[in-house]
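To start, the structure under review is shown below, and the notes come after it.
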Amino acid sequence: MKLNELLKNVEVLNIIGDAEVEIKGINIDSRRIEADHLFVAVPGTQTDGHRFINKAIEQGATAILCESLPTKRTPGVTYIAVESTEDWVGEVATQFYGDPSRQLKLVGVTGTNGKTTIATLLYNMFRKFGHKCGLLSTVCNYIEDEVIPADHTTPDPIELNRLLAQMVEAGCEYAFMECSSHAIAQKRIGGLRFTGGIFTNLTRDHLDYHGTFENYRDAKKAFFDGLDKDAFAIINADDKNGSVMMQNCKAQVKTYSTRTMADFKAKIIECHFEGMYLDINGKEVGVQFIGKFNVSNLLAVYGAAVMLGKNPDDILVILSTLKSVNGRLDPVRSPEGYTAIVDYAHTPDALENVLNAIHEVLDGNGKVITVCGAGGNRDKGKRPLMAQEAVKQSDRVIITSDNPRFEEPEDIINDMLAGLDQKQMKKVISIVDRREAIRTACMMAEKGDVILIAGKGHEDYQEIQGVKHHFDDKEVVREIFNV
């Protein structure tokens, strides 16, 4: 593709060199640059891509998209200056890969909790409807049955468009993706056209990056501000921030709720560990999920499917066959008659929701033992809140290591314990080694009890000092149970 074709929608400040040079690939990572590629120098949070312009040229780049032109320029290389490469890289990627999001029905899911569950259930549902689909999620990316490992909740804009183009080539009609606050703020979804968007909820998370809750909220809001009038927006009316998401939204807005008047409404009729009976918009359905928060997730799925043109009765039939996402309220039963539940809950709100779901089923019969920690090099303010939430709804709590990253696990644990008073501390012990923490919880449990192992869910590693070591909570539990 000619460079000037790639740049046709870009507000260019200056071009030095041949604007009709042939471009065979684009990247923001200089290490991936090959001959006749365009290198986009993006000022990232960790390092500035402008530092690697010469490296990209050595690798074979024949064009550079940047914010500041180098004083020393290489002959034969075309330099394009724009005000913000972050703003335009998505547009360039969209052009290079043939505008794939306009050839799919693309639905984005954003919010603090529930993104993975909703996106994955929509992917599974529409495949059961007989459609070819793609999925972009925290757990894994899929192009139909092809598995593509996920490193980030939302890939960079070039990788994202490449994946969407592969979905189009594979004949996919629909794509469902999580849109993280980082991805929205960093314009990773720039240039994409969404058929619809879903807002789940908003609680404290990622303040290490956004700085304030308002910035975090506004990042989510920007997604809905960007939807066009032909799109739809499904908003959780039970979250007070739902009204904020709707303020400047041009899309057709629909709401869902378990508590108030809404376009899509549900209530729990019965609840067991095996699942629930629900009333959704006046019709009963049995589902293989537990917890009020999962009722909200299922409502979002139901609402999106309706907006995508599916018959409500057919939606309910398929909804009844869907199973929980890996690492989300994932139960393992012990031979001794107690249950371990592995869940990704890593925010105070998510922990509260999962513990509520467990208590809804236990109904006072059996103890709850919670194993949890907090991630290193992330929002420290939520650590004491996590410990408080665990203690509030558990009979015993074991604070342990999660992904300490570049922090000392003991320091993270102490930050969590700092949120507890003397009375609360009587329920709590701390064990740094996560495997031993899980083993100890199992030794404490008796028939009818539930152990919640929170924080890592689907993850099969622990990140310690920059190295990922294999560690899978569910695998560890099965070893201990010998099942």
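Predicted, not measured: the structure shown is a model, and the values here were computed from it. What's counted below: heavy atoms across the whole structure, side chains too, no hydrogens, waters or symmetry copies. For reference, positions follow the sequence shown, starting with 1.
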### Query
Are any side-chain N or O atoms of Glu463 and backbone N or O atoms of His469, one a donor and one an acceptor, separated by less than 3.5 Å?
no
## Note on the structure
In terms of heavy-atom contacts, Leu322 and Phe289 come closest through O-CE1, 3.4 Å
#### Entry: Near-ring test Phe194/Phe223, centroid separation under 6.0 angstrom
yes
### Rounded distance [0.5 Å steps], CD in Glu178 versus CG in Asn141
9.0 Å
### Query
Donor-acceptor pair, Arg434 side chain versus Ser401 backbone, under 3.5 Å?
yes
### Task
Check whether any side-chain N or O of Tyr123 sits under 3.5 Å from a backbone N or O of Glu144 as a donor-acceptor pair, and report yes or no.
yes
### Message
Tell me whether the rings of Tyr174 and Phe176 are parallel (<30°), tilted (30 to 60°) or perpendicular (>60°).
### Response
parallel
### Message
Working to the nearest 0.5 angstrom, can you tell me the gap between Lys220 NZ and Ser180 OG?
### Response
6.5 Å
### Task
Report the residue from Thr258, Thr260, Thr255 that forms a side chain to side chain donor-acceptor pair (under 3.5 Å) with Asp238.
Thr258
### Message
Given 3.5 Å as the limit, does a donor-acceptor pair link the side chain of Thr85 with the main chain of Ala41, or not?
### Response
yes
### Stepwise salt bridge (Lys or Arg N to Asp or Glu O under 4.0 Å) check, Lys456 with Glu475
CA-CA 12 Å; Lys456 293 179 59 60; Glu475 192 178 285; over 6 Å; no
### Task
For Asp330 and Gly327, indicate whether the former's side chain and the latter's backbone hold a donor-acceptor pair under 3.5 Å.
yes
### Task
Determine the minimum heavy-atom distance between Glu86 and Lys187, stating which atoms define it.
O-CB, 3.2 Å
#### Entry: Electrostatic pair Arg127:Asp145 at N-O distance under 4.0 angstrom
yes
### Query
Per the side chain to side chain donor-acceptor pair (under 3.5 Å) rule, which among His346, Gln462, Glu459, Arg378 passes with Asn403?
Glu459
#### Entry: Flag side-chain contact, heavy atom, 4.5 Å: Val42 against Gln186
no
### Query
If only atom types and distance count, is the side chain of Gln103 paired as donor or acceptor with the main-chain N or O of Gly98 below 3.5 Å?
yes
### Query
Just checking, any donor-acceptor pair under 3.5 angstrom between side chains of Asn294 and Asn297?
yes
### Least distance between heavy atoms, Ala390 atom then Leu355 atom
CA-CD1, 4.1 Å
### Query
Hey, is NZ on Lys292 packed in by over 12 heavy atoms from elsewhere, all under 6.0 Å?
no
### Query
Could Glu159 and Arg162 be called an ion pair, given the rule that one side-chain N must be under 4.0 Å from one carboxylate O?
yes
### Message
Main chain of Glu284, side chain of Asp279: is a donor-acceptor contact present, judged purely on distance under 3.5 Å?
### Response
no
### Summary
Closest non-hydrogen contact found for Asp402 with Ala454 is OD2-O, 4.5 Å
### Message
Nearest 0.5 Å, please: how far is OG in Ser296 from CG in Asp239?
### Response
9.5 Å
### Query
Where do Asp349 and Asn113 land on the side chain to side chain donor-acceptor pair (under 3.5 Å) test, with the steps shown first?
CA-CA 8 Å; Asp349 179 67; Asn113 302 312; 2.8 Å; yes
### Query
How long is the span from the OG1 atom in Thr78 to the CG atom in Leu65, to the nearest 0.5 Å?
11.5 Å
### Message
Quiz question: by atom type and distance under 3.5 Å, do the side chains of Thr200 and Asn236 form a donor-acceptor pair?
### Response
no
### Task
Decide if atom CZ of Phe224 counts as having more than 12 heavy atoms of other residues, nucleotides or ligands within a radius under 6.0 Å.
yes
### Task
Report yes or no: does Thr110 contribute a side-chain atom to a donor-acceptor pair with the main-chain N or O of Cys179 at less than 3.5 Å?
yes
### Query
Is Lys265 reaching over with its side chain to a backbone N or O of Met261, donor-acceptor style, under 3.5 angstrom?
no
### Task
Could you walk me through whether Asp99 and Thr94 pass the side chain to side chain donor-acceptor pair (under 3.5 Å) test, one step at a time?
CA-CA 5 Å; Asp99 211 354; Thr94 294; 5.0 Å; no
### Query
When you look at CD of Glu169, are more than 12 heavy atoms from neighbouring residues, nucleotides or ligands closer to it than 6.0 Å?
no
#### Entry: Audit row: Ile341, Phe273, side-chain contact (heavy atoms from CB on, under 4.5 Å) steps and yes/no
CA-CA 11 Å; Ile341 291 178; Phe273 269 128; 4.0 Å; yes
### Query
For the residue pair Tyr344 and His458, does the interplanar ring angle fall in the parallel (under 30°), tilted (30 to 60°) or perpendicular (over 60°) class?
tilted
#### Entry: Within 6.0 Å of CD in Glu214, more than 12 heavy atoms from elsewhere
yes
### Query
Going through the distances and angles, do Glu352 and Asn356 end up as a side-chain contact (heavy atoms from CB on, under 4.5 Å)?
CA-CA 6 Å; Glu352 178 186 15; Asn356 278 340; 3.7 Å; yes
## Note on the structure
When rounded to the nearest 0.5 Å, the distance separating NZ of Lys323 from CG of Leu121 is 12.0 Å
### Task
Say whether, by atom type as modelled, one donor and one acceptor occur between the side chain of Asp218 and the main chain of Lys221 under 3.5 angstrom.
no
### More than 12 heavy atoms of other groups within 6.0 Å of Lys105 NZ
no
### Message
Would Lys310 and Phe126 count as a side-chain contact (heavy atoms from CB on, under 4.5 Å) here? Give the steps.
### Response
CA-CA 10 Å; Lys310 296 303 179 186; Phe126 275 75; 3.7 Å; yes
### Query
Just wondering, are more than 12 heavy atoms of other shown residues or ligands nearer than 6.0 Å to CG in Asn482?
no
### Message
Among Thr117, Thr116, Asp343, exactly one meets side chain to side chain donor-acceptor pair (under 3.5 Å) together with Arg328. Which residue is that?
### Response
Thr116
## Note on the structure
So NZ of Lys24 and CE of Met1: to nearest 0.5 Å the spacing works out to 14.0 Å
### Query
Has Glu83 got more than 12 heavy atoms of other residues, nucleotides or ligands less than 6.0 Å from its CD?
no
### Message
For Lys250, is the NZ atom crowded, meaning more than 12 foreign heavy atoms sit under 6.0 Å from it?
### Response
yes
### Task
Work out which heavy atom in Thr203 is nearest to a heavy atom in Tyr216; give both atom names and the distance.
O-CE2, 3.1 Å
### Query
How close do Ser30 and Phe39 get, heavy atom to heavy atom, and via which atoms?
N-CE1, 3.6 Å
